[in-house]
2 protein chains.
Amino acid sequence: MTAKTRAEKMEETRVKLIAAGRKAFAHKGYADASMDELTASAGLTRGALYHNFGDKLGLLAAVVDEIDSAMAQKAKDAGDAAGGGWNGLMAEGRTYIELALDPEIQRIVLRDGPAFLGDPSNWPSQNRCLQATIATLGELADQGAIKSVDIEALARMLNGVALNAALWVATSDDPQATLHKAISAFECLASGVLVKQEHR
Amino acid sequence: MTAKTRAEKMEETRVKLIAAGRKAFAHKGYADASMDELTASAGLTRGALYHNFGDKLGLLAAVVDEIDSAMAQKAKDAGDAAGGGWNGLMAEGRTYIELALDPEIQRIVLRDGPAFLGDPSNWPSQNRCLQATIATLGELADQGAIKSVDIEALARMLNGVALNAALWVATSDDPQATLHKAISAFECLASGVLVKQEHR
DNA sequence: TTAATTGACATACGCGATGTATGTGAATAT
DNA sequence: ATATTCACATACATCGCGTATGTCAATTAA
């Protein structure tokens with residue numbers, strides 16, 4: 001086998017640091033995570049950290065982006081599996097909320113992320129997710145399936161509901177029980193954008 | 001007039017520190033707010049801070065409690081002025097959106113609060129704004145005007161929509177135009193919780 | 001009125017963590 | 001083979017929190 005090149009080793013340390021970051025940030029929270037301990041647990045020093053990510057926030061941004069991108073991908077897959085359209089949109093939302101059961105996601109993405117990195121709608125991963133929602137809503141609007149309200153506004157509000165639901169589940173004492181309530185409320189509110197109300 | 005007693009002076013310093021906390025936390029965020037600078041801006045030292053509030057988190061809790069209480073009062077007033085019921089709920093939502101336009105509220109109560117103090121429903125203030133929404137929804141549920149979904153969940157989702165709307169408006173190029181879109185979208189989603197008699 | 005005591009706040013210190021400046025050795029280029 | 005780059009380690013400066021201790025005015029008691 002071929003010897004490791006320099007770029008390969010650097011990528012290796014980036015992966016190690018992000019992995020260590022996920023563990024430390026999830027377990028102790030961003031504020032209480034020591035970069036000395038974190039880098040040591042990866043067999044490195046803070047030198048590697050500041051060379052690769054600039055500062056502590058840089059590592060958090062990288063960790064959040066990795067996790068949030070994976071979340072968006074899973075949500076999109078669920079939407080496609082549900083056949084797209086309205087059912088797809090609901091499946092995306094439901095999946096996003098269910099992911100909030102993961103303690104790592106709860107702590108890093110839903111709690112510390114907004115506090116230390118700012119408004120989530122400015123995150124690269126969140127913007128991608130928003131564009132996907134806008135596209136789906138656009139199709140539904142062309143079909144006359146939803147009320148004539150500004151598409152971007154609807155997309156932002158829907159994502160806001162899902163994010164808020166996820167946050168609620170994340171901080172709940174009983175995540176499993178809260179999950180069902182959150183999903184029901186999400187679908188209830190979402191039904192408001194449909195032209196035809198569901199019969200119950 | 002009577003000379004200032006000791007308890008009166010202490011209350012004065014508490015007021016000064018909370019006021020300084022609101023300014024510093026809103027402008028620099030909780031994490032980057034220096035207690036040295038904060039207390040100095042109030043003409044005091046960190047000694048007063050730790051004597052009155054125990055630690056940095058104690059001051060944040062006091063600040064959040066004060067703001068959260070004021071928010072609840074304004075929302076309730078708006079709801080009452082609209083005559084309660086569904087109109088009152090919509091008025092509360094609009095009020096919440098307008099309140100969340102305040103950068104101080106955005107940063108301290110809506111972002112740093114949950115991150116550093118934990119789940120808002122566990123705050124000493126018990127998130128009074130949310131409680132007001134829950135109370136109104138309870139009335140509507142008794143009247144059979146809304147779908148049978150968990151009241152707390154609905155309240156949280158509605159507030160989540162309002163929060164997201166406010167954040168969007170706040171960062172918009174044209175806040176006035178965006179505000180109308182946001183409120184329309186809010187009312188659109190909110191209508192999802194109403195039962196529609198004509199479809200039964 | 002005056003001496004004793006309380007307590008609200010200031011001052012001083014230790015500890016830990018971040019960020020930067022500098023050093024080093026292995027991989028790459030000439 | 002020598003020079004150079006650069007990924008990372010090491011060493012250092014700084015800053016901010018929390019605590020321990022000091023101080024002086026306001027209260028209390030005689």
Side-chain angles (χ1 to χ4, degrees), chain A residues 1-21 23-64 107-108 112-113 115-118, chain B residues 1-21 23-64 108 112 115-118:
Chain A
M1 65 184 295
T2 131
K4 284 173 192 168
T5 176
R6 210 132 81 143
E8 284 170 350
K9 282 194 133 178
M10 193 173 182
E11 185 56 28
E12 221 176 270
T13 70
R14 284 181 61 91
V15 168
K16 277 194 225 166
L17 287 174
I18 289 178
K23 283 180 196 163
F25 293 156
H27 188 254
K28 323 186 83 174
Y30 175 78
D32 291 341
S34 162
M35 300 317 264
D36 263 330
E37 294 178 8
L38 190 154
T39 52
S41 77
L44 297 164
T45 70
R46 284 191 356 251
L49 196 254
Y50 287 94
H51 186 74
N52 281 280
F53 297 97
D55 59 0
K56 189 178 179 181
L57 279 175
L59 178 61
L60 177 63
V63 169
V64 163
R107 184 84 195 209
I108 302 177
D112 288 347
F116 294 98
L117 297 177
Chain B
M1 65 183 296
T2 129
K4 283 174 192 166
T5 176
R6 206 134 97 158
E8 283 170 350
K9 281 194 136 178
M10 192 173 182
E11 184 58 27
E12 225 176 83
T13 68
R14 283 181 62 91
V15 169
K16 277 194 226 165
L17 287 174
I18 289 178
K23 283 180 197 164
F25 292 156
H27 188 256
K28 323 186 82 175
Y30 174 79
D32 291 340
S34 161
M35 293 296 101
D36 264 330
E37 294 178 9
L38 189 155
T39 52
S41 77
L44 297 164
T45 68
R46 286 196 349 259
L49 195 254
Y50 286 95
H51 186 74
N52 281 280
F53 298 97
D55 59 0
K56 190 178 180 180
L57 278 175
L59 179 62
L60 176 64
V63 169
V64 163
I108 301 178
D112 286 349
F116 294 98
L117 298 177

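Every chain is numbered from 1 and lettered A, B, ... according to where its sequence line falls, protein lines coming before strand lines. The figures that follow rest on heavy atoms only: side chains count, while hydrogens, waters and symmetry mates do not.
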Does any residue of residues 24-33 of chain A have a heavy atom under 4.0 Å from DNA chain C, and if so, which ones, in number order?
-> A:A33
Please report, rounded to the nearest Å, how far the [atom2] atom of [N] is from the [atom1] atom of [X].
X	N	atom1	atom2	result
B:L57	D:dG18	CG	P	7 Å
A:L59	C:dG19	CG	C1'	15 Å
A:D36	D:dT10	CG	P	11 Å
A:F53	C:dT18	CZ	C1'	17 Å
A:D55	C:dA17	CG	C1'	14 Å
B:K16	C:dA8	NZ	P	15 Å
A:M10	D:dC8	CE	C1'	9 Å
A:Y50	C:dT20	OH	C1'	10 Å

What distance do [X] atom [atom1] and [Y] atom [atom2] have between them, rounded to the nearest 0.5 Å?
X	Y	atom1	atom2	answer
B:K56	B:Y30	NZ	OH	5.0 Å
A:L49	A:M35	CG	CE	4.0 Å
A:T39	A:K16	OG1	NZ	12.0 Å
A:D112	A:R107	CG	CZ	5.0 Å
A:L60	A:F116	CG	CZ	8.0 Å

Summary of salt bridge (Lys or Arg N to Asp or Glu O under 4.0 Å) pairs that have at least one residue in residues 31-45 of chain B, sequence neighbours excluded |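 Sorted pair list: B:K28-B:E37, B:D36-B:R46.
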The side chain of A:A48 lies closest to which of these nucleotides: D:dA9, C:dC9, D:dA7?
-> D:dA9
For the side chain of A:K56, counting heavy atoms from C-beta on, which of D:dC17, C:dT18, D:dA9 is nearest?
->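 Looking only at side-chain atoms, A:K56 lies closest to C:dT18.
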Give a yes/no answer on whether the side chain of B:N52 brings an N or O atom under 4.0 Å of OP1 or OP2 in C:dA8.
->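 Negative; the distance criterion is not met.
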Can a side chain N or O of B:H51 be found less than 4.0 Å away from OP1 or OP2 on C:dA8?
->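 The answer is yes; a side-chain N or O of B:H51 sits under 4.0 Å from OP1 or OP2.
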Is there a donor and acceptor pair, one atom on the side chain of B:R46 and one on the base of D:dG16, closer than 3.5 Å?
-> no
Taking C-beta and beyond as the side chain, do B:V64 and B:F25 meet within less than 4.5 Å on heavy atoms?
-> no
Name the nucleic acid region contacted by A:T45, choosing base, sugar-phosphate or nothing; use a 4.0 angstrom heavy-atom cut-off, strictly under.
->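 Base contact.
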